[in-house]
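No hydrogens, no waters, no symmetry mates; every other heavy atom, side chains included, goes into these values.
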Amino acid sequence: MSWTKIMLEDICISIADGDHQPPPKSDSGIPFVTISNITNTNKLDFTGTMFVSQEYYDNLNDKRRAHTGDILYSVVGSFGIPVFIDKEQKFVFQRHIAILRPDPKKIVSRFLYYMMLSRDFYMKADTVALGAAQRTISLTALRKMEIEVPPYNVQEKIVKILKPFDDLIENNQKQIKLLEEAAQCLYKEWFVDLHFPGYENTKVVDGVPEGWIKNRADYFFDIMIGKTPPRTEQQWFVDGKSGIPWLSISDMGNSEIFTFKTSEALTEEAIQKYSLKVVPDGTIFVSFKLTIGRVSIATTNMCTNEAIAHFYIKNDYQRAYTYCYLKNFQYDTLGNTSSISKAVNSKIIKAMPFIMPDEKMCWLFSKQVDPILNEIKNKQLVSIKIEEARDRLLPKLINGELEV
């Protein structure tokens with residue numbers, strides 16, 4: 001079987017990037033996607049996006065509007081992450097993101113996505129990228145990159161083998177979303193609408209049912225803040241598959257409710273030298289700088305950077321309620337959350353208002369929601385295993401090692 005060497009610009013209708021001028025921000029409208037909204041799971045996470053007006057979107061050149069079959073590709077910073085657009089959706093993206101529109105007469109769009117997902121493509125891109133601290137690949141270099149592609153019918157066969165893995169992952173994510181919605185609906189019914197068991201016979205004083213306590217968050221929890229060793233001392237940082245997992249806001253965006261993986265880890269020596277706090281399985285994390293209000297739960301011993309607060313849960317029956325409370329909290333009521341600089345400091349996050357129901361109510365909620373959270377946790381783990389299986393198969397198919 002013969003594979004043909006060809007440049008990306010010869011198999012794409014267009015390869016462009018986002019508008020080079022900062023778009024005028026709006027309180028609502030079309031989401032404005034940045035590098036931080038591209039996850040390591042090759043999806044778009046619209047959490048914390050700003051917005052631009054519909055008029056601004058309408059005036060964009062069509063090559064800068066995403067269509068089904070297009071591929072987004074991060075070209076600055078967290079560079080080398082492709083995202084396949086599998087359905088029509090409106091959003092605007094910054095200049096640090098490239099958009100490729102494959103020519104369907106010359107290449108199968110999803111095959112090109114799998115090609116760009118491969119380690120081999122990443123290494124080729126890294127070879128032509130510029131910069132040390134912040135890797136950048138220019139549009140010119142991207143357009144001139146050469147790949148080897150098999151005949152069209154073989155591309156279709158490879159996609160047919162790999163796509164079911166993605167479909168299984170997507171199906172799991174849909175089920176996870178439904179499960180979380182069920183948990184959040186119960187939380188809102190009980191603790192927002194105050195239709196909790198026995199509410200008819202419970203007095204409410206100043207908006208708080210009798211027996212519940214309203215106080216600062218650090219009244220109820222030991223709240224610690226993460227830390228980053230000096231970046232100039234690279235010996236402290238290792239791959240996320242070894243060492244002590246070190247959580248970033250980006251990692252939180254890549255996970256669902258539970259955090260299983262981190263892109264980086266720290267050595268034991270770094271933990272000891274810089275007195276970093278390692279928190280246990282079950283700790284709840286909250287991001288409070290830049291992207292504020294991401295919430296996730298640790299699945300193993302972890303440490304984090306300084307933009308993440310650790311809510312240590314002393315009583316397991318309080319975990320489900322605490323997660324839902326923090327997930328629903330209106331963080332824009334805290335500190336400085338302007339469009340220019342989004343951040344609250346550690347003192348503010350520790351002093352944030354928190355309402356804790358009585359022990360019986362927390363226990364009843366835990367009894368209802370813990371099975372839902374456990375099912376979500378299991379589905380996340382299954383998705384990780386499916387992704388790992390796909391990634392083992394991917395290079396063998398893309399490199400022609402396996403005949404199809």
Margin query: Can a donor-acceptor pair be found, under 3.5 Å and without considering hydrogens, that links the side chain of Ser26 to the backbone of Ser28?
Written below: yes

Note to self: With rounding to the nearest 0.5 angstrom, report the CG to CE distance, Asn42 to Met116.
What the structure shows: 10.5 Å

Next item on the list: Apply side-chain contact (heavy atoms from CB on, under 4.5 Å) to Tyr323 and Val369, showing your working.
Entry: CA-CA 11 Å; Tyr323 169 80; Val369 174; over 6 Å; no

Next item on the list: Give me the ring orientation class for Trp212 and Phe196: parallel if the planes are under 30° apart, tilted from 30 to 60°, perpendicular past 60°.
Entry: tilted

Margin query: Quick one: does any side-chain atom of Lys277 pair with a main-chain N or O of Ser275 as donor and acceptor, under 3.5 Å?
Written below: no

Next item on the list: Dump the intermediate steps for ring-ring contact (aromatic ring centres under 6.0 Å, His included) on Tyr321 and Trp190, then the final yes or no.
Entry: CA-CA 10 Å; Tyr321 170 80; Trp190 285 24; 10.0 Å; no

Check: Can you tell if the side chain of Arg135 reaches within under 4.5 Å of the side chain of Asp126, non-hydrogen atoms only?
Finding: yes

Next item on the list: May I have all residue pairs that pass side chain to side chain donor-acceptor pair (under 3.5 Å) and include part of residues 215-234, sequence neighbours excluded?
Entry: Arg216-Asp218, Thr228-Glu306, Arg231-Glu264, Glu233-Trp236, Glu233-Tyr274

Next item on the list: Give a yes or no answer on whether the side chain of Asn345 reaches the backbone of Lys347 with a donor-acceptor pair at less than 3.5 Å.
Entry: yes

Next item on the list: Take Gln318 and Tyr325, measure what side-chain hydrogen bond (donor to acceptor under 3.5 Å, both in side chains) needs, and give me the verdict at the end.
Entry: CA-CA 11 Å; Gln318 293 178 331; Tyr325 183 94; over 6 Å; no

Margin query: Evaluate Glu256 against Lys379 for side-chain contact (heavy atoms from CB on, under 4.5 Å), listing each step before the verdict.
Written below: CA-CA 10 Å; Glu256 308 282 349; Lys379 287 187 179 298; over 6 Å; no

Check: Just by modelled atom types, is the Ser263 backbone N or O under 3.5 Å from a matching donor or acceptor in the Asp251 side chain?
Finding: yes

Check: Cationic tip of Arg294 within the cone over Phe285's six-membered ring, i.e. under 6.0 Å and within 45° of the normal?
Finding: no

Next item on the list: Compare every heavy atom of Ile376 with every heavy atom of Glu180, then report the nearest pair and how far apart it is.
Entry: N-CD1, 3.8 Å

Notebook entry, point to check: Is a side-chain N or O of Trp3 found less than 3.5 angstrom from the main chain of Val149, in a donor-acceptor match?
Noted result: no

Checklist line | For Asp358 against Gly211, the heavy-atom pair lying closest together | finding: CB-O, 3.8 Å

Check: Do Val286 and Met352 touch side chain to side chain, with heavy atoms closer than 4.5 Å?
Finding: no

Checklist line | Spacing of Ile6 atom CD1 and Ile11 atom CD1 [to the nearest 0.5 Å] | finding: 6.0 Å

Notebook entry, point to check: Is there a donor-acceptor pair closer than 3.5 Å between any side-chain N or O of Asp391 and the backbone N or O of Glu388?
Noted result: no

Notebook entry, point to check: For the side chain of Asp239 and the backbone of Ser242, is there at least one donor-acceptor N/O pair under 3.5 Å apart?
Noted result: no

Next item on the list: Taking all heavy atoms of Ile30 and all of Tyr57, pick out the closest pair and write down the distance.
Entry: CG1-CB, 3.9 Å

Next item on the list: Mind listing the closest non-hydrogen atom pair of Arg95 and Val75 along with its distance?
Entry: O-CG2, 4.2 Å

Check: Under the 3.5 angstrom rule, does the side chain of Gln380 hit a backbone N or O of Phe258 as a donor-acceptor pair?
Finding: yes

Note to self: Let me confirm one number: the CG-CG distance from Asn305 to Leu247, rounded to the nearest 0.5 Å.
What the structure shows: 7.0 Å

Item checked: Donor + acceptor pair across side chains of Thr259, Ser296 (<3.5 Å) -> yes

Margin query: I want to check something: taking the side chain as every heavy atom from C-beta on, are Leu186 and Ile372 in contact at a cut-off of under 4.5 Å?
Written below: no

Next item on the list: Return the minimal non-hydrogen interatomic distance between Gly207 and Leu194, and the atom names on each side.
Entry: O-CD1, 4.2 Å

Next item on the list: Would you check if Asp316 and Ser366 make a side-chain contact, meaning some heavy-atom pair closer than 4.5 Å?
Entry: no

Next item on the list: Specify whether Phe91 and Phe93 have parallel, tilted or perpendicular ring planes, treating 30° as the upper limit for parallel and 60° as the lower limit for perpendicular.
Entry: tilted

Item checked: Within 6.0 Å of CG in Asp27, more than 12 heavy atoms from elsewhere -> no

Next item on the list: Nearest 0.5 Å please: distance from the NZ atom of Lys25 over to the OH atom of Tyr56.
Entry: 8.5 Å

Check: For Met252 and Ser287, which heavy atoms make the closest approach, and how far apart are they?
Finding: CE-N, 4.0 Å

Checklist line | Side-chain H-bond candidate by donor/acceptor type, Ser36 with Thr34, under 3.5 Å | finding: yes

Next item on the list: Go through the steps for Cys324 and Phe365 under the test side-chain contact (heavy atoms from CB on, under 4.5 Å), then give the verdict.
Entry: CA-CA 11 Å; Cys324 290; Phe365 186 71; 4.0 Å; yes

Next item on the list: Let me know which of Arg110, Lys87, Arg101 forms a salt bridge (Lys or Arg N to Asp or Glu O under 4.0 Å) with Asp70.
Entry: Arg101

Check: Are Phe221 and Met356 close enough that some pair of their side-chain heavy atoms sits under 4.5 Å apart?
Finding: yes

Notebook entry, point to check: Relative to the ring of Phe354, is the ring of Phe220 parallel (under 30°), tilted (30 to 60°) or perpendicular (over 60°)?
Noted result: tilted

Margin query: Are the side chains of Lys160 and Glu156 in contact, using a 4.5 Å heavy-atom criterion?
Written below: no

Checklist line | Between CG on residue Asn328 and NZ on residue Lys188, distance to nearest 0.5 Å | finding: 5.0 Å

Next item on the list: List for me each residue that meets ring-ring contact (aromatic ring centres under 6.0 Å, His included) alongside Tyr317, sequence neighbours excluded, and say none if there are none.
Entry: none

Next item on the list: Return the orientation label for the Phe84 and Tyr113 ring planes: parallel under 30°, perpendicular over 60°, tilted otherwise.
Entry: tilted

Checklist line | From Ile176 atom CD1 to Ser383 atom OG, the distance as rounded to the nearest 0.5 Å | finding: 5.0 Å

Next item on the list: For Thr68 and Glu88, indicate whether the former's side chain and the latter's backbone hold a donor-acceptor pair under 3.5 Å.
Entry: yes

Item checked: Student check: side-chain heavy atoms of Ile147 and Leu112 closer than 4.5 Å -> yes

Notebook entry, point to check: Quick one: does Pro353's side chain get under 4.5 Å of Phe329's, heavy atoms only?
Noted result: yes

Check: Is the shortest distance from a Lys or Arg side-chain nitrogen in Asp166 or Lys163 to a carboxylate oxygen in the other one below 4.0 Å?
Finding: no

Notebook entry, point to check: Step by step, would you call Tyr312 with Met224 a side-chain contact (heavy atoms from CB on, under 4.5 Å)?
Noted result: CA-CA 8 Å; Tyr312 174 67; Met224 306 295 292; over 6 Å; no

Margin query: With a 3.5 Å distance limit and no angle check, can you tell me whether Gln155 reaches the backbone of Val108 through a side-chain donor-acceptor pair?
Written below: yes

